[in-house]
Amino acid sequence: MVSWMICRLVVLVFGMLCPAYASYKAVKTKNIREYVRWMMYWIVFALFMAAEIITDIFISWFPFYYEIKMAFVLWLLSPYTKGASLLYRKFVHPSLSRHEKEIDAYIVQAKERSYETVLTFGKRGLNIAASAAVQAATKGTGLGACRTATLRMSVGRILRQSPGRQPGPERSR
C-alpha cells in the first residue's frame, strides 16, 4: 500500500507536474527543440498512462511493480537517458506512421457515431421529459389547485386570528 502511494506521488510530481512546467517554459521561450522534446514526452507518457490502467489491474501483484513504474517514469523524464525520445523514435512514431490513415478514419467514424448517439439520446430524453411533464400536469392539476386553495384559506384564517396583527388590506376582506 505504501509503495502504491509513493508511486502515485512520483508519477504525479515527476511524470506530470515537472514536465508540465518544463512544457510551459518551452512555450514561453519559443524554443522549437524543447517543443519537440516535450511533445514526444507527452505522447509517450499518454501511452504509458493508458497501458498503466491495464497493467495495474493484471500485474500489480508482481514484486517491485510500483518501483519499476517509478523508475520507468524517471527514465522517461531524464535528460541524460532521453527515454521518452528514444521510445518515441524507435516505436511510437513508426507505428503511428504505419497506421495513421486507419486511425484517422476511425476517429472520423467515432465522431460521427458519437454525434448521432448524442442526438438520439437527446431526442429520447426530451420525449421522456415532455411526457413526464404532461403526465404531471394532467394528474397534478386537480390536487395542486385544491392544495393551493386550502393553503391560502388556512393562511388567511391565521392572519385574521393573530392578536397583534395590524389592520391591513387582508383584514378588510
Who else is in the cluster with Tyr21 when I, L, V, M, F, W and Y are joined by side-chain contacts under 4.5 Å?
-> Tyr24
Taken to the nearest 0.5 Å, the spacing of Ile43 CD1 from Leu96 CG works out to 7.5 Å
Selection residues 42-71 - residue pairs positive for side chain to side chain donor-acceptor pair (under 3.5 Å), sequence neighbours left out | Arg8-Glu52, Ser23-Trp42, Glu52-Lys69, Thr55-Tyr65, Asp56-Tyr65, Asp56-Lys69
Tyr41 and Val36: side-chain contact (heavy atoms from CB on, under 4.5 Å), yes or no, with the steps?
-> CA-CA 9 Å; Tyr41 173 81; Val36 172; over 6 Å; no
Please collect all salt bridge (Lys or Arg N to Asp or Glu O under 4.0 Å) contacts where either partner lies in residues 121-133, sequence neighbours excluded, each pair once.
-> none
Check whether Met39 and Phe45 end up in the same hydrophobic cluster, where Ile, Leu, Val, Met, Phe, Trp and Tyr are linked by side-chain heavy atoms less than 4.5 Å apart.
-> no
Run the numbers on Val27 and Trp38 for side-chain contact (heavy atoms from CB on, under 4.5 Å), then give the verdict.
-> CA-CA 10 Å; Val27 169; Trp38 290 112; over 6 Å; no
Co-membership, hydrophobic cluster, residues Phe62 and Met5, 4.5 Å side-chain | yes
With His93, which residues qualify under ring-ring contact (aromatic ring centres under 6.0 Å, His included), at least two apart?
-> Tyr88
Looking only at heavy atoms, what is the nearest atom pair of Pro19 and Val13, with distance?
-> CD-O, 4.2 Å
Flag the pair Leu76 / Phe72 as yes when at least one side-chain heavy-atom distance between them is below 4.5 Å, and no otherwise.
-> yes
Where do Leu77 and Phe14 come nearest, in terms of heavy atoms and distance?
-> CD2-O, 2.9 Å
Would a distance-only check, ignoring hydrogens and angles, find a side-chain to backbone donor-acceptor pair under 3.5 Å from Ser95 to Val92?
-> no
Does any pair with a residue in residues 76-87 pass side chain to side chain donor-acceptor pair (under 3.5 Å), and if so which ones, sequence neighbours excluded?
-> none
Could you tell me which residues satisfy side chain to side chain contact (heavy atoms under 4.5 Å, CB included) with Ile57, sequence neighbours excluded, listed by chain and number?
-> none
If you look only at distance, which donor and acceptor atoms sit under 3.5 Å apart when one is on a side chain in residues 100-114 and the other is two or more places apart or in another chain?
{"from": "Ser114", "atom 1": "OG", "to": "Ala110", "atom 2": "O", "distance (Å)": "3.1"}
{"from": "Ser114", "atom 1": "OG", "to": "Lys111", "atom 2": "O", "distance (Å)": "2.8"}

If you group Ile, Leu, Val, Met, Phe, Trp and Tyr whenever their side-chain heavy atoms sit less than 4.5 Å apart, what else falls in with Leu119?
-> Tyr115
Partners passing ring-ring contact (aromatic ring centres under 6.0 Å, His included) against Phe64 (at least two apart in sequence or in another chain) | none
Residues, nucleotides or ligands: over 12 heavy atoms within 6.0 Å of Met16 CE = yes
Hey, could you give me each pair passing salt bridge (Lys or Arg N to Asp or Glu O under 4.0 Å) that has a residue in residues 25-44? Not counting sequence neighbours.
-> Glu34-Arg37
